[in-house]
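In each ligand, atom 1 is the first atom listed, and ligand 1 is the first ligand listed. The chain is numbered in sequence order, starting from 1. Just so it is clear, the structure is predicted and the values come from calculations on it, not from any experiment.
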Amino acid sequence: MKKVLITGALGQIGTDLSEALVERLGTDNVISCYHRKKPEVMDGSRGLYEHLDVTKPGELDALMEKYQPDTIVHMASLLSATAEKKPLMAWDINMNGLIQVLEAGRKYNALVLNPSSIAVFGPDSPKDNTPQDTILRPTSIYGVTKVAGELLSDYYFTKYQVDTRGLRYPGLISYKTLPGGGTTDYAVDIYFQAIQKGCYTCYLKEDTSIDMMYMPDAIKATIDLMDADPSTLKHRNAFNVSAMAFTPAEIAASIKKFMPDFTINYEIDPERQSIADSWPNSIDDTAAREEWGWKNDFDLDAMTKDMLENLKKILK
Ligand code: SER
């Protein structure tokens with residue numbers, strides 16, 4: 001990996017990933033693409049900025065010609081809750097965007113990292129310690145696009161030898177960029193509200209367990225998978241990766257260890273609750289650990305400590 005083009009680069013994962021890649025590869029070797037107009041603050045720490053609507057044929061090709069990156073990381077996507085409200089738009093962005101990226105990988109001989117999600121699983125998948133290879137029958141449109149995306153990525157690998165790789169990210173938590181429209185967003189919002197208000201109203205039930213990961217671990221997983229020797233990869237699209245699984249009651253208890261007066265209450269959103277109920281309680285990531293050495297650094301309390309320390313600085 002010498003030069004990387006990132007779609008959705010100003011989104012939740014793209015923000016942290018572009019910074020990490022600039023540190024490693026230098027500003028001129030990270031092309032941060034996003035579909036909205038250039039943000040006012042966009043210094044070299046996030047790479048070179050380019051406008052891109054990845055669903056429009058030709059736009060990505062022009063950037064591939066201009067910069068000739070050897071790697072594309074495709075982070076542009078609608079998340080689960082927004083996708084459920086706008087299924088056609090979700091299909092357009094998540095699928096038509098992906099096929100443009102895979103075609104660019106084929107035409108310009110670039111590695112393609114296509115993010116997947118725990119949303120590929122559904123009510124028929126085993127709930128606890130969900131295996132790498134199991135039933136994938138999701139009930140959300142977001143999950144449908146993620147399963148189709150995994151299959152399409154594998155197809156481009158077997159048919160055209162495009163070096164496609166992917167991770168099934170769990171819910172991701174970061175203090176730098178807020179997620180938008182995901183079912184797991186509560187686990188980010190709860191830390192912001194803890195600092196700003198000392199209390200949080202949660203839209204999921206207190207005992208809803210979902211797999212989660214702190215952003216520094218997610219960035220490490222992303223970069224390690226892109227660096228992995230292809231001959232060690234038995235799986236490709238996409239690897240289970242796990243760091244922790246918790247319920248709203250458990251994250252609240254973790255925050256209370258550092259902020260004893262923090263309180264939580266519940267007002268359930270039926271749509272997001274139903275999506276969360278269709279996902280696993282916890283994930284088995286043995287394949288990622290064995291095939292490319294995945295290992296998380298943060299558990300729940302270590303993440304809580306770091307989130308609260310950083311947000312205290314940012315929000316005051
Ligand atoms: N965090 C995502 C969501 O909630 C899952 O991939 O939609």
Check: Ala62: what forms a side-chain contact (heavy atoms from CB on, under 4.5 Å) with it, not counting sequence neighbours?
Finding: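 So Ala62 forms no side-chain contact (heavy atoms from CB on, under 4.5 Å) with any residue.
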Notebook entry, point to check: With sequence neighbours excluded, what pairs up with Thr177 under the side-chain contact (heavy atoms from CB on, under 4.5 Å) test?
Noted result: Thr15
Next item on the list: Answer yes if the side chains of Asp128 and Asn281 hold a donor-acceptor pair under 3.5 Å, and no otherwise.
Entry: yes
Run through all N or O atoms in ligand 1 and write down each protein N or O closer than 3.5 Å, as a pair with its distance.
from	atom 1	to	atom 2	distance (Å)
ligand 1	1 (N)	Thr184	OG1	2.8
ligand 1	4 (O)	Ser80	OG	3.4
ligand 1	4 (O)	Thr183	N	2.7
ligand 1	4 (O)	Thr184	N	3.1
ligand 1	4 (O)	Thr184	OG1	3.3
ligand 1	6 (O)	Ser117	OG	2.7
ligand 1	6 (O)	Tyr142	OH	3.0
ligand 1	7 (O)	Ser80	N	3.1
ligand 1	7 (O)	Ser80	OG	2.6

Checklist line | Sidechain N-carboxylate O distance under 4.0 Å for Arg236, Asp163 | finding: yes
Next item on the list: Inspect the contact between Glu290 and Lys234 and indicate whether a charged nitrogen and a carboxylate oxygen are less than 4.0 angstrom apart.
Entry: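 Between Glu290 and Lys234 there is no salt bridge, as every charged N stays at least 4.0 Å from the carboxylate O atoms.
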Margin query: Could you work out, with salt bridge (charged side-chain N to carboxylate O under 4.0 Å, His left out) as the rule, every residue matching Lys257, not counting sequence neighbours?
Written below: Asp301
